[in-house]
2 protein chains.
Amino acid sequence: MRLKRVVLERLMRYHRFLSQTTASKPIQTITSAQIAEALDIDPTQVRKDFGAIGLVGIGRVGYQVEDVCCAVRTVMGFDKENPAVLIGVGQLGGALLTYPGFEKYGLSITAVFDSDPAKTGRSKAGHTIRSIRSLKPYIRKHGIMLAILCTPVEVSQTIADRLVSVGIKAIWNFTPTDLAVPPDVLVRDEHISLGLSEIAYHLKKL
Amino acid sequence: MRLKRVVLERLMRYHRFLSQTTASKPIQTITSAQIAEALDIDPTQVRKDFGAIGLVGIGRVGYQVEDVCCAVRTVMGFDKENPAVLIGVGQLGGALLTYPGFEKYGLSITAVFDSDPAKTGRSKAGHTIRSIRSLKPYIRKHGIMLAILCTPVEVSQTIADRLVSVGIKAIWNFTPTDLAVPPDVLVRDEHISLGLSEIAYHLKKL
DNA sequence: CTGAATATGTGAAATATATCACGATTGGTC
DNA sequence: GACCAATCGTGATATATTTCACATATTCAG
C-alpha cells in the first residue's frame with residue numbers, strides 16, 4: 001500500500017533521531033517507547049509505522065537501529081540518485097544551492113536556471129547559471145524528473161506549465177503560489193508563510 | 001475554540017489566493033466553490049473554515065473578498081507587531097534576513113545573533129550581528145517572544161534551552177532537530193528534509 | 001527450568017477530519 | 001410578485017488517523 005504523507009514525515013523523524021542519537025553514542029537496539037518519548041509520539045504509532053515498512057522488532061529488546069535506518073532509506077528511495085534542476089537563483093535559490101544535506105538523500109542539483117540575463121553565464125556555488133530558454137531542452141535531454149522552483153511568484157505558474165509539458169514528475173515549490181498541475185505530478189509546497197500563520201496565532205493567544 | 005493547525009494553514013491559503021487574485025483583477029465577492037476549485041479543496045470545507053472565524057456569506061452571491069482577507073488577518077494576529085530575534089547567520093539565516101514578506105505578517109526581526117566571533121560586529125542585510133552572549137539580556141530587556149533558529153544542529157537544543165529559560169514563547173526551527181521544550185512553548189519545524197521525503201518517495205514509485 | 005518483567009503486533013475503540021445531503025436564503029427573470 | 005437557479009449553513013455520514021487493550025514473544029533472575 002502507498003504510504004501517506006504523515007507516515008513519511010514520521011519515518012523521516014525516526015530516521016533523523018536515530019542518526020543523531022547513534023552519532024553521539026553507538027547503540028545496537030532501541031524500543032518504540034524510547035523513540036516515542038523523544039519525539040513526543042505514541043509508542044503504538046511508532047510500531048505501526050515500522051510495521052508498515054516491513055520492520056519487525058523483538059520482544060523485550062526492540063528494533064535494530066541499523067535495520068530501521070536502512071529500511072527507511074530504502075522505502076523513501078534515498079538510495080536512488082535523483083537529478084534535479086533548480087530554477088530561480090535569488091536569495092532562497094542561492095541558499096538551497098549551498099545546502100550540504102541533499103546528497104545524503106540522493107538529490108543532486110545538476111543544472112540551475114534563471115531568466116535574468118545579468119545572471120546567466122555567471123557562476124554560483126559551483127554551478128553555471130543557464131538561461132531559462134535552455135530549460136526545456138535540458139530537461140528533455142537528461143530526462144529530469146524533479147524541479148526545485150524558487151522563482152518570483154508572478155512567473156511560477158508559467159514555469160510550472162513548461163515543466164509539466166516536458167515531463168517533470170515532481171515540483172518542489174518554494175514560491176508562495178498554489179500551482180495547478182495534472183494529478184500525476186507531485187507538488188510539494190514549502191511556503192514559509194504557512195509556518196508563520198501557526199506562530200502568529202500562537203503568539204496572539206498568549 | 002482554538003483553531004487547529006490544518007485550519008490555520010487552509011486559511012492562509014485562502015488569504016494568499018484572494019490576495020493574488022484581487023491583485024490582477026479586482027473583484028468584490030467570491031464563492032466557496034471558486035476558491036475550492038482553485039485550491040483543490042472541498043467547497044464545504046471552505047465554508048466550514050469561514051464559519052469557524054465568524055464569516056457569513058450571502059446566498060447566491062458568496063463572500064466579500066475584503067471581509068475574508070480582513071478576518072483572516074485578524075484571526076491570525078497579523079495586525080499585531082511581533083518582534084523576533086534570529087540566531088545563526090549562515091546561508092539560510094542570511095536568506096531569511098532579506099526575505100521581504102515578513103512585515104506583511106507583522107513579523108520584524110529586531111536583532112540577529114551568531115556565535116562565530118568572525119561574524120559578530122559585522123553587518124548583514126542592515127542588521128549588525130551580535131554576540132550570542134548578549135542573546136539572553138537582549139530578549140529579557142525587550143520582552144521578545146519569538147526566536148528564529150538557524151544554527152548548526154549541534155547547538156540547537158542548547159540554544160533552545162537558553163531561549164526557554166529567558167521566556168521565549170515560540171521557536172521557528174529551521175534546524176533539523178526535534179527540540180525538547182516545555183508544553184507552553186510552540187515549536188514550528190521547517191525542516192526541508194520532510195518535504196524531501198515526500199518527493200523522493202513519489203519519484204521512486206514511478 | 002520456571003516465573004516475572006518488558007517488548008512487540010494488532011484488532012477494537014476513540015478521536016479527528018473531510019464529505020455529503022439538503023433546507024434556507026438570495027438574486028435574477030418573466 | 002412568483003418562480004427558478006445558485007449559494008450558503010449545517011447536521012449527518014463517511015473516512016482517516018490515533019490511541020487503547022491485550023495476547024504473544026523474549027529476556028533475565030533465581
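Naming: A, B, ... by sequence-line order, numbering from 1 per chain.
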Do [X] and [Y] have side-chain heavy atoms sitting under 4.5 Å apart?
X: B:Leu203; Y: A:Lys169; value: yes
X: B:Arg13; Y: B:Ile35; value: no
X: A:Arg2; Y: B:His202; value: yes
X: B:Asp178; Y: A:Asp40; value: no
X: A:Leu11; Y: A:His15; value: no
X: B:Ser165; Y: B:Lys136; value: yes
X: B:Ile192; Y: A:Phe174; value: yes

> Do B:Asp189 side-chain atoms and B:His191 backbone N/O form a donor-acceptor pair below 3.5 Å?
Replying inline: no
> Within the distance-only criterion (no hydrogens, no angle test), does the side chain of A:Lys204 pair as donor or acceptor with the backbone N or O of B:Lys80 below 3.5 angstrom?
Replying inline: no
> When A:Ile168 is tested against each of A:Val181, A:Ile139, A:Leu149 for side chain to side chain contact (heavy atoms under 4.5 Å, CB included), which residue passes?
Replying inline: A:Ile139
Pairs under 3.5 angstrom, nitrogen or oxygen only, protein versus nucleotides 12-14 of chain C, please.
none

>> Using the side-chain hydrogen bond (donor to acceptor under 3.5 Å, both in side chains) criterion, which residues pair with A:Thr44? Sequence neighbours excluded.
In response: A:Asp42
> Taking only residues two or more places apart in sequence or in another chain, which ones pass side-chain hydrogen bond (donor to acceptor under 3.5 Å, both in side chains) with A:Tyr63?
Replying inline: none
Check the distance between [N]'s [atom2] and [X]'s [atom1] and give it to me in whole angstrom.
X: A:Asp49; N: D:dT18; atom1: CG; atom2: P; result: 8 Å
X: B:Gln45; N: C:dC20; atom1: CD; atom2: C1'; result: 13 Å
X: B:Leu55; N: D:dT10; atom1: CG; atom2: P; result: 13 Å
X: B:Gln64; N: C:dT26; atom1: CD; atom2: C1'; result: 13 Å

> Which residues within residues 2-14 of chain A lie with some heavy atom under 4.0 Å of an atom in DNA chain D?
Replying inline: A:Lys4, A:Arg10
>> Ignoring hydrogens and geometry beyond distance, is a side-chain donor-acceptor pair present between B:Gln157 and B:Thr177 at under 3.5 Å?
In response: no
>> With the threshold set at under 4.0 Å for non-hydrogen atoms, list the residues of residues 31-43 of chain A touching DNA chain C in residue-number order.
In response: A:Thr31, A:Ser32
>> Please encode protein proximity along nucleotides 23-30 of chain D as a string of B, S and -, counting only heavy-atom distances under 4.0 Å.
In response: ---BB---
>> Nearest to the side chain of B:Thr44, heavy atoms from C-beta on, is which of D:dA21, D:dG9, C:dC20?
In response: C:dC20
> Reckon A:Gly51 touches a base, only the sugar-phosphate, or nothing at all at heavy-atom distances under 4.0 Å?
Replying inline: nothing
>> Measuring to OP1 and OP2 of C:dT26, would you say a side-chain N or O of B:Tyr63 lies under 4.0 angstrom away?
In response: no
> Reckon B:Arg47 has a side-chain N or O less than 4.0 Å from the OP1 or OP2 of D:dC8?
Replying inline: yes
